[in-house]
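Atom set for the values below is all heavy atoms of this structure, side chains included, hydrogens, waters and symmetry mates excluded.
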Amino acid sequence: MVRILYDEKLLETLKRVYGCDLEKFLEAITRPTPRLYARVNILKTSPNQVIESIRSRGIDVFKDEGIPEAIYFPVEGPEKLNELDLKIYVDKRAAESIILGANLYTPGIIKCDRRVRKGSEVCIVAPNGDVIAIGIARMSCEEAITKQRGLFVEVTKSLYKAPHIIELQEYKEGLIYPQSLPAIITSKILDPKPGEVIIDMCAAPGGKTGHIVELTRGRAFIIAFDHSKTKLERMKMEMRRLGHDSLVEIWRADSRYLSMDFPWLVGKVDKILIDPPCTALGVRPKVIDEKKYEDVLNASNYQFQFLKEAVKIIKSRGVIVYSTCTVTIEENEEIIERAVKELDLEPEKIDIGIGTRGILGNYSDFYIRFHPHIHGTPGYFIAKLRKR
Ligand code: SAH
């Protein structure tokens, strides 16, 4: 079934990155990563303790070989699923978690067979027409549509299978945070230290901010900005769950104007993380994705504005880390090359020994890239810059 609907120009720009491996990349992003990662909250527990506690319930979990606070759950699959007579069609968002074995809740339904009763065996169909799971309905179709909340289908078999991290006791207690390996590495590359003033310009829902709190043991002055009210609410909940709520300032702002709205920050900031919105082409698994080259251009114009603003508030010799979960050169290498040319910034080598170098440009070996079909991770880009 068709899953990836990119226009001709977008495919062309992806060819600049992947050449004859483009098909391999496009195929890899339709599958989940072979490992599902989480970060251990080292302010509350240790990786060994968490692993022992999860394993005691018979769930497979392992320590990452390179990053001490990273643990992972192996993802099994793909399984062969039979098409059943009774079908329920779900939206893209629901499909992306059901494909890994999550249950279906009523808000994810697009269409369902009126014959579905409580106890019926049903198959769940993604927007691309693929059957992604089989399960037992816990209410009738009628009820699911009118109720608009609650568990609709308990999934018994799915295309892929991994533990539902957010249903684990350790998650509820704030001991772990689900996060991809490259995302975990990003905060480590920032190398935050106690006593520093640190800004996260695009912080919600707080994955990287939470990690910065942990790496500094809560002893840095961390301000997390985001412009989305709803995402900030979710972030506050996450920080409470982790026990970080008193260790980080969470402020709502448009980070493209921080120097104007918070003039007292200018020249005072040691480190800045920029993890801006992007075309998310590296995010997996994709059950369906429709994008145009124009989306890439819009994203890259937007992304550059954060760098321009970051330079205004960072201290001299301060560090900026820029990351995206996408793979286009326009949103990654070209943004950084432009920043070095037009802004008062120089690129800094990243010595972490994971991933691979950038695709092109004068400083390509200063960047880190992760490629889905090579590294088994989401597609990711990380660069480090220093104010001259
Ligand atoms: N760093 C986060 C993920 C960030 S996703 C993590 O690791 O969990 C990008 C975020 O940028 C979104 O939450 C979005 O609301 C925010 N954003 C987009 N435009 C913004 C702007 N102009 N100012 C501040 N935040 C912005």
Side-chain angles (χ1 to χ4, degrees), residues 1-37 64-66 70 72-81 92 95-97 99-100 126-132 158-162 179-186 278-293 295-296 299-300 323-335 350 352-361 364-365 367-383:
M1 281 293 167
V2 179
R3 295 183 174 196
I4 305 294
L5 303 159
Y6 296 164
D7 73 3
E8 204 54 40
K9 276 196 91 174
L10 177 48
L11 288 170
E12 242 167 62
T13 208
L14 286 174
K15 266 223 179 92
R16 286 171 73 201
V17 183
Y18 290 119
C20 22
D21 280 349
L22 179 59
E23 282 305 317
K24 284 189 195 152
F25 163 78
L26 293 173
E27 195 270 327
I29 55 174
T30 64
R31 284 183 283 112
T33 53
R35 296 173 169 191
L36 200 59
Y37 270 90
D64 180 64
E65 298 82 355
Y72 69 87
F73 303 86
V75 176
E76 294 163 25
E79 292 286 326
K80 212 176 140 31
L81 300 176
K92 175 175 146 134
E96 277 165 2
S97 52
I99 201 170
L100 278 161
N128 64 348
D130 283 358
V131 174
I132 52 167
S158 49
L159 202 53
Y160 295 92
K161 196 165 172 348
Q179 207 178 13
S180 73
L181 184 67
I184 297 174
I185 287 169
T186 305
C278 66
T279 52
L281 301 181
V283 173
R284 51 193 290 205
K286 293 189 188 314
V287 291
I288 194 147
D289 198 33
E290 191 169 1
K291 292 217 168 73
K292 300 191 284 298
Y293 183 62
D295 300 326
V296 173
S300 80
S323 63
T324 75
C325 56
T326 202
V327 302
T328 62
I329 295 170
E330 289 85 341
E331 294 173 83
N332 295 317
E333 284 87 351
E334 279 177 12
I335 291 272
I350 301 173
I352 196 135
I354 311 182
T356 179
R357 63 206 285 272
I359 299 294
L360 51 73
S364 59
D365 54 349
Y367 316 136
I368 295 198
R369 269 207 186 237
F370 288 90
H371 300 300
H373 55 298
I374 298 174
H375 300 102
T377 58
Y380 224 87
F381 174 89
I382 310 167

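Taking the side-chain contact (heavy atoms from CB on, under 4.5 Å) definition, one finds that Pro378 meets it with Thr33, Ser180, Pro182, sequence neighbours left out. Listed by chain and number, the residues in a side chain to side chain donor-acceptor pair (under 3.5 Å) with Thr326 are Thr279 (sequence neighbours excluded). Tyr18 is linked by a ring-ring contact (aromatic ring centres under 6.0 Å, His included) to Phe25, His371, His373, counting only residues two or more places apart in sequence or in another chain. Considering only residues two or more places apart in sequence or on other chains, Glu65 meets the salt bridge (Lys or Arg N to Asp or Glu O under 4.0 Å) condition with Arg35. Partners of Asp365 under the salt bridge (Lys or Arg N to Asp or Glu O under 4.0 Å) rule, at least two apart in sequence or in another chain, do not exist in this structure. With sequence neighbours excluded, the residues that form a salt bridge (Lys or Arg N to Asp or Glu O under 4.0 Å) with Lys291 are Asp289. Qualifying side chain to side chain donor-acceptor pair (under 3.5 Å) partners for Ser364, counting only residues two or more places apart in sequence or in other chains: Arg357. Listed by chain and residue number, Pro32, Leu36, Leu100, Tyr160, Ala162 satisfy the side-chain contact (heavy atoms from CB on, under 4.5 Å) test with Val75 (two or more places apart in sequence, or in another chain). Among residues two or more places apart in sequence or in another chain, the side-chain contact (heavy atoms from CB on, under 4.5 Å) test is passed with Pro127 by Lys92, Ala95, Val287, Ile288. By the ring-ring contact (aromatic ring centres under 6.0 Å, His included) test, Tyr380 pairs with no residue at all, sequence neighbours left out. The side-chain contact (heavy atoms from CB on, under 4.5 Å) search around Pro34 returns Arg284, not counting sequence neighbours.
Using bins of under 30°, 30° to 60° and over 60° for the plane-to-plane angle, the ring pair Tyr37/Tyr72 lands in the tilted bin.
Contact check on Lys286 versus Glu96 returns no salt bridge, with no Lys/Arg side-chain nitrogen under 4.0 Å from an Asp/Glu carboxylate oxygen.
A side-chain contact (heavy atoms from CB on, under 4.5 Å) with Arg369 is found for exactly one of Val17, Ile382, Ile374, namely Val17.
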Going by atom type alone, with no hydrogens or angles, which donor-acceptor pairs under 3.5 Å involve a side-chain atom of residues 9-16 and a protein atom two or more places apart or on another chain?
{"residue": "Thr13", "atom": "OG1", "partner": "Glu330", "partner atom": "OE1", "Å": "3.2"}
{"residue": "Thr13", "atom": "OG1", "partner": "Glu330", "partner atom": "OE2", "Å": "2.6"}
{"residue": "Arg16", "atom": "NH1", "partner": "Glu330", "partner atom": "OE2", "Å": "3.3"}
{"residue": "Arg16", "atom": "NH2", "partner": "Glu334", "partner atom": "OE2", "Å": "2.9"}

